[in-house]
Amino acid sequence: MTSLAIVIPYRDREAHFRTLFPRLSAYLRQRHPGLDFRIHLIEQAAGKPFNRGKLCNVGFALASEQYAQVCFHDVDYVPVDADYAPVAGPTRLIWYGAHLQHRYDLYFGGVVAFPNADFERVNGFSNEFWGWGFEDSELRQRCVAAGLEIRYRDGTFEALPHAHQGFGPAGALNVTAERNRGLLKSRWRRLATGEAQRHDGLTSLRFRVASRHRLSLRDAPEALHVTVEI
Ligand code: UDP
Ligand code: MN
């Protein structure tokens with residue numbers, strides 16, 4: 001059976017990880033017996049704004065030699081009824097439980113899975129989206145530009161609550177999110193030609209591992225917790 005690296009981009013959400021870790025491990029063992037999976041908790045060291053895409057790239061770089069497929073998994077979605085079986089291309093595993101404002105076909109965040117070769121083919125995520133938003137839309141566009149079909153599995157997840165980091169109190173995008181939106185817009189044409197992704201992604205990824213250790217849980221494969229400076 002195909003092996004799966006679960007990559008969780010992470011910082012300052014300890015309560016969420018404590019909830020997710022045992023439940024996701026138990027879920028995978030029960031729903032997919034025999035699936036060779038490992039949870040990789042990829043924590044961003046303090047300092048810079050959070051960069052979800054870059055952390056996912058780091059997780060992929062650390063795991064892809066040992067695992068055939070990767071699932072990028074937000075820390076705040078706990079599976080209730082979801083299918084983590086091997087995917088045939090870029091696949092969104094979540095729908096129910098995700099934020100209601102998303103558009104069904106365009107939403108490509110939360111919990112998505114790739115065969116390694118497809119993630120490599122699009123050169124991974126951009127490393128340049130700092131702070132909340134739009135790295136997931138950019139990744140989707142990389143797939144479209146590469147001619148990869150986006151697949152959808154409408155899994156049901158429990159969303160763990162947190163204050164929203166992309167919108168202000170009035171519901172408008174904050175300054176950082178607006179900047180990321182502008183970045184995506186400004187490179188839209190160069191994504192279509194493949195130029196934007198050629199020099200920004202797995203091939204330009206630089207990071208330093210600050211610490212690395214194993215987390216254990218009874219009956220579950222150990223998770224790997226890696227803290228990185230990016
Ligand atoms: N994240 C994190 N710490 C942060 C911001 C984001 O760990 O300060 C991770 C976490 O896995 C989270 C994901 O990035 O689920 C997406 O961020 P967030 O939940 O804020 O975005 P949403 O999808 O809720 O808009
Ligand atoms: Mn969230």
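Atoms considered below: every heavy atom in the structure, side chains included; atoms not considered: hydrogens, waters and symmetry mates. In listed order, ligands and their atoms are each counted from 1. Bear in mind that the values here come from a model prediction, so they are computed numbers and not experimental data.
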Item to check | Test applied, side chain to side chain contact (heavy atoms under 4.5 Å, CB included); reference residue, F60; option that passes from I42, L55, V70 | outcome: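 Of the listed options, the one satisfying the test is V70.
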N/O/S of D76 less than 2.8 Å from the Mn ion (ligand 2)?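 Within the cut-off used here (under 2.8 Å), D76 does place an N, O or S atom near the Mn ion (ligand 2).
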*Would one find an N, O or S atom of H162, in either backbone or side chain, under 2.8 Å from the Mn ion (ligand 2)?*
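Within the cut-off used here (under 2.8 Å), H162 does place an N, O or S atom near the Mn ion (ligand 2).
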| query | Just how far is it from atom CD of E149 to atom CZ of R151, taken to the nearest 0.5 Å? | reply |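 E149 CD to R151 CZ: 4.5 Å, rounded to 0.5 Å.
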Gap separating the CG atom of D105 from the CD1 atom of I150, nearest 0.5 angstrom:
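CD1 of I150 is found 10.0 Å from CG of D105.
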What's the shortest distance from [atom] to any protein heavy atom, and which residue and atom give it?
| atom | value |
| --- | --- |
| atom 16 (C) of ligand 1 | D74 OD2, 3.4 Å |
| atom 14 (O) of ligand 1 | F50 CE2, 3.5 Å |
| atom 8 (O) of ligand 1 | Q165 OE1, 3.5 Å |
| atom 3 (N) of ligand 1 | R11 O, 2.7 Å |
| atom 18 (P) of ligand 1 | R13 NH2, 3.7 Å |

**Prompt:** Using 30° and 60° as the class limits, which term best fits the ring planes of F72 and F119: parallel, tilted or perpendicular?
**Reply:**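 Tilted, since the angle between the ring planes falls between 30° and 60°.
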List ligand 1 atoms under 4.0 Å from [X], heavy atoms only on the residue side.
| X | answer |
| --- | --- |
| Y10 | 7 (O) |
| H162 | 18 (P), 19 (O), 20 (O), 24 (O) |
| V75 | 10 (C), 11 (O), 15 (O) |

query = Nearest heavy atom to atom 19 (O) of ligand 1: which of D136, D76, I42, I8 does it belong to?
reply =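 It is D76 whose heavy atom sits nearest to atom 19 (O) of ligand 1.
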* Asked: Who gets closest to atom 25 (O) of ligand 1 by heavy atom: F72, F17, Y77, W132?
  ->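 When every heavy atom of F72, F17, Y77, W132 is considered, W132 comes closest to atom 25 (O) of ligand 1.
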May I ask you to identify, for H164, whether its side chain, its backbone, both or neither come under 4.0 Å of ligand 1 on a heavy-atom basis?
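Side chain only; the backbone of H164 stays clear of ligand 1.
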| With distance as the sole criterion, is a donor-acceptor pair present between the side chains of N116 and S64 under 3.5 Å? |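 Looking only at side-chain atoms, S64 and N116 do not form any donor-acceptor pair under 3.5 Å.
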| Between R121 and C143, does a side-chain contact (heavy atoms from CB on, under 4.5 Å) hold up when you go through it step by step? | CA-CA 9 Å; R121 179 159 157 200; C143 295; over 6 Å; no
Inset, instruction - Identify whether the distance between the nearest side-chain nitrogen and carboxylate oxygen of D74 and R52 falls below 4.0 Å. - result: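 R52 and D74: salt-bridged.
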Q.
Test your reading of the model: is there a side-chain donor-acceptor pair from N57 to the backbone of F125, 3.5 Å cut-off?
A.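 Judged by distance alone, yes, a pair lies under 3.5 Å.
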When you measure from the heavy atoms of P9 to every atom of ligand 1, does any distance fall below 4.0 Å?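 Right, P9 reaches ligand 1.
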Criterion ring pair (Phe, Tyr, Trp, His ring centres under 6.0 Å) on W95 and F157, from CA distance to verdict = CA-CA 8 Å; W95 180 241; F157 287 74; over 10 Å; no
